[in-house]
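Have a look at the structure below before the remarks.
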Amino acid sequence: MFTRQNLAIAALLAIGAAALSAQPAQPAAGRTLVRAGQVLDVKTGKVADGQTLVVVGETIQSIAPTAEVPAQAGDTVVDLSGLTVLPGLIDVHTHLTYETDFDPYRRLTLTDAKEAINGVVNARTTLLAGFTTVRNVGAGGFTDVDLRDAINSGQVAGPHMQASGPLIGITGGHCDDNLLPIRYHAVGDGVADGIAEVQHKVRENIKYGADLIKICATGGVLSKGDDPQASQFTLEEMQAMVADAHRLGRKVAAHAHGAQGILWATEAGVDSIEHGSYINDEGIAAMKQHGTYLVPTLYLEDWMVEYGHLPPYSHQKMVDVSAVAKGNIKRAMRAGVKIAMGTDAAVYPHGLNAHELDVYVNQLGMAPLAALQTATVNAADLMGWSAKTGSLEAGKWADIIAVEKNPLDDMRVLQDVKFVMKAGVVYKNEAK
Ligand SMILES: [Zn+2]
């Protein structure tokens, strides 16, 4: 195996620098002028025609009318004059190291090595779909942390990434491994019970590189033997985890379907509720009071109806959750709960992330600008990255995508992104 690897490296070296530089990891030297047909301001919804974004290194230096920005010697010019340009999209709920596979046995055969390979493939797919930033909320063996580092070093193409490491959950809960009988002693990486254990797990995840903490407040759909409506961690356990995470500078994302778990997690001070399927008026009021973000993951229900073949222990749960989630989330949206876009990509194939926005607008009646903000400014705010990304502004990362028309007129155009630049590097350009 090592011999084969060494041979591959030798072959690459023999081909020379051209082959290596084919890996698009470094921004162009000097200025890159991105000539945009129109630029969409995702904060105001306003469109400005004929703009040029000046990119230097990883960041946007300025945005001005094209007539005011003549090309200089040494500039690289990117012609997007036929396209609408907007900031790269953000998905705050991905699982880049997981693949779409519900077969219980196949799930048991998932190794850290397989997760790492999945991650390399899925990170690229997600980036090319226009998602220049993701928050990864659950992976085995800290494979997400290694993936993040490989992306940051330029070794692998992928979005900017915050990684949670293993999901923290109770024995037998949504985030444990419940497929095997007791004699196999299978335990999920992040299983912890009681105050002392959950504190230890938070600190351990941070020790090994987690940017945020992901906890499982209630049961889930794709796990065996648990109830999405039942609370799992106690209020006190969640308070202990949030206190530790926040003291150590990490945000907390809570998987929560059931109403009681949503309320407890919110009262414990988590930064986001993931899924929120059974949210009720009490939960809505508490989330508004605490400023907690809701991260609906709704397109997966549509995808499941068409393509999902779930094992028996999940099928009825998916039916039950799907029957109520959209209605409840719609009420939370209307009540003014803050929303950040997440997809749970991996439950369905990576790269379809933008379908989530279509659900918000065309099924739940959200205003197109508000929907776009869930995947840009709001998502950046939830991640604590508002100074880095989420809008096209001088000083922020040059995370730029382009589509054929204004997405505020048709959200589905985001499902076919023609141009992707991340941190000043062009990864995709299908501009004609
Ligand atoms: Zn998830």
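One is the number of the first residue; the rest follow in order along the sequence. Order of listing sets the numbers, starting from 1, for every ligand and every atom in it.
Take the N/O/S atoms of D344: the one nearest the Zn ion (ligand 1) is OD1. Here the N, O or S atom of H93 that is nearest to the Zn ion (ligand 1) is NE2.
Salt bridge status for D281 with R331: present, with a side-chain N to carboxylate O gap under 4.0 Å.
With E237 contributing its side chain and T234 its backbone, the two residues share a donor-acceptor pair below 3.5 Å.
Not a single N, O or S atom of E274, from either the backbone or the side chain, sits less than 2.8 Å from the Zn ion (ligand 1). The Zn ion (ligand 1) lies under 2.8 Å from an N, O or S atom belonging to H95. Inclusion of H255 in the first shell of the Zn ion (ligand 1) is not supported: no N, O or S atom falls under 2.8 Å.
For T343 and D91, the side-chain atoms include at least one donor-acceptor pair closer than 3.5 Å.
Aromatic rings from H350 and H95 are positioned such that their centres are separated by 6.0 Å or more. Ring to ring, Y307 and Y348 are not that close: their centroids are 6.0 angstrom or more apart.
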